[in-house]
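Written out below as structure tokens is the structure these notes cover.
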Amino acid sequence: MDITCDKNIYDMAHEADAWESFFSDYASNDHVYKADVKKLRAYIDEKKYLEVLDSFEQTGTFPVPQLKMLNKKGTEKKRVVFSFDEDASWLLKFFGYRLHVYDDIFSDNLYSFRKERSVKTAVARLLKKKNLNEMYGVKLDIHDYFNSADTDLIIDKLNGTLKEQKKLLWLIKSILLDPKIKLQNDNNVGGTETQNQGNIDSPVHKGMMAGSPLSPFLANLYLDDLDKYFEDKCFFYARYSDDIIFFTETGENRKFLMDEALRIIGEHKLSLNPDKLSYIEPGQSFEFLGFSFNDDTVDVSATSFDKIKKKIRRKSRAVLRWKIKKDAGPEKAAKVFIRYFNRKFFENPVKSELTWCRWYFPIITTDRSLKEIDHYMQECIRYIYYGKHSKRNYNLRYENIKELGYRSLVNEFHKFA
């Protein structure tokens, strides 16, 4: 990717050639919708980015984002995300793309939202560490990271990092400091209060604006101090956004480093998620980023395994209710269920959701968990087909299930490998 910083990123957003470069990289990504590629093509051809830029330059305000409250699966908690209208969103995606020029300012131990590092890179480095099973570790997670970040601290960090990008800095500040939002019912909300319209019952805090195209860069930047502190202080350290793990030689040093981590995290006005804090003793298996590590074996984590089984169970019950309500045939109902999980496991992702073949297949070294998930999937397909659990369900053979469109995780994993 050819990104240079010989001119202002904001000014580049006025140039057709810069947009063509963005389009070329975007369209070559196998994990975006073809429909979105067409939308971007039309956006560039019609030069809609100039309309958004002109409006901002004349008014000093960026289009108001919409706040959405999404259910957190398996809990009653809500997740706050922000989204912009399509024209404004494409412009912010362009800026997010161009901000990768700053990747080199981050520590090597940061693996989120970077061009040359990824989960796969983090896992590979972790597995290459000799004597890791003799070390003392800690796995920690920042509570509500994107939305808890302090706006003033974010801006302080941006002032230092983007000091040569004055116009882009102006635009990002205007977004973060503008108190206006739109709720899902499209009622405008002035100020930071939502006026308790049924979506949320507390003041709106934008933080890093989770879900927006700029949030990955902000998430990397906000805890850069923590990454740099740990760079040479321990045996191994890795951060992926709000997920952190480190190992050190002794229990005493682990306690010291943990105290230092808590100090730095506290200085950033953040807190840990106590439910996801775990201390790893020498020789003990551990989980990180949805993976389970046991010596040289990498599998799907127990947490991710339980989540997908619950999702399969919930979806099978929902499809069976739909089948009864609509008096749908057994094959039609089974195909609905199978298509849903084929998308989740194998096909290009639903927006903001990675498929299993992209996340797990390049990293896991065993098919043990995949076999269990396959077996459970087949049981649920038979349950939907016959309407209950019984011995006759096995009249629907594996070959019949494959004819309905079912794809085995184990088979696809070995094809991938």
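Computed from a predicted structure; not experimentally measured.
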Check: L50 main-chain N/O paired with H14 side-chain donor or acceptor under 3.5 Å:
no
Starting from the C-alpha separation in whole Å, work towards a yes-or-no answer on side-chain contact (heavy atoms from CB on, under 4.5 Å) for M69 and L67.
CA-CA 7 Å; M69 302 293 291; L67 182 149; 3.8 Å; yes
Below 30° counts as parallel, above 60° as perpendicular, anything between as tilted: where do the rings of F22 and W19 land?
perpendicular
Backbone N or O of N109 within a donor-acceptor pair of the S107 side chain at under 3.5 Å?
no
Return the CG to CH2 distance between L289 and W359, rounded to the nearest 0.5 Å.
5.5 Å
All pairs passing salt bridge (charged side-chain N to carboxylate O under 4.0 Å, His left out) where residues 400-413 contributes a residue, at least two apart
R407-E412, E412-K415
Is there a donor-acceptor pair under 3.5 Å between the side chain of Y145 and the backbone N or O of A219?
yes
When you look at CD of E20, are more than 12 heavy atoms from neighbouring residues, nucleotides or ligands closer to it than 6.0 Å?
yes
To the nearest 0.5 Å, tell me how far L270 CG sits from D242 CG.
10.0 Å
Check the orientation of F62 and F84. Use parallel for under 30°, tilted for 30 to 60°, and perpendicular for over 60°.
perpendicular
Just distance, no hydrogens or angles: give the donor-acceptor pairs under 3.5 Å from side chains in residues 385-393, sequence neighbours left out.
from : atom 1 : to   : atom 2 : distance (Å)
S390 : OG     : N393 : OD1    : 3.2
N393 : ND2    : K388 : O      : 2.8

Is there a donor-acceptor contact under 3.5 Å from the side chain of D367 to the main chain of L370?
no
Report, as yes or no, whether the 6.0 Å neighbourhood of atom CZ on R41 holds more than 12 heavy atoms from other residues, nucleotides or ligands.
yes
Flag the pair F247 / F286 as yes when their ring centroid distance falls below 6.0 Å, and as no otherwise.
yes
Tell me whether S304 contacts the main-chain N or O of S301 through its side chain, where contact means a donor paired with an acceptor under 3.5 Å.
no
All pairs passing salt bridge (charged side-chain N to carboxylate O under 4.0 Å, His left out) where residues 131-141 contributes a residue, at least two apart
K139-D243
Check whether the side chains of N294 and S285 place a donor and an acceptor atom closer than 3.5 Å, and report yes or no.
no
Crowded around R263 CZ? As in, over 12 foreign heavy atoms under 6.0 Å?
yes
Do R79 and D144 meet the salt-bridge criterion of a basic N to acidic O distance under 4.0 Å?
no
Using modelled atom types and a 3.5 Å cut-off, is there a donor and acceptor pairing between side-chain atoms of Y10 and backbone atoms of L169?
no
May I ask you to check whether Y111 and Y240 place their ring centers less than 6.0 Å from one another?
no
Please check: side-chain N/O of D295 versus main-chain N/O of T297, any donor-acceptor pairing under 3.5 Å?
no
Electrostatic pair R239-D227, nearest N-O below 4.0 angstrom
yes
Between F236 and F246, is the ring centre distance below 6.0 Å?
no
Give, for atom CZ of R317 and atom CD1 of I384, the distance between the pair rounded to the nearest 0.5 Å.
11.5 Å
Between the side chains of K255 and D259, is the shortest nitrogen-to-carboxylate-oxygen separation below 4.0 Å, so that they form an ion pair?
yes
Regarding K276 and E287, does a basic nitrogen lie under 4.0 Å from an acidic carboxylate oxygen?
no
K48 vs V52, side-chain contact (heavy atoms from CB on, under 4.5 Å): CA-CA, chis, key distance, verdict
CA-CA 7 Å; K48 289 188 175 181; V52 183; 5.7 Å; no
Is the distance from the ring center of W90 to that of Y26 below 6.0 Å?
yes
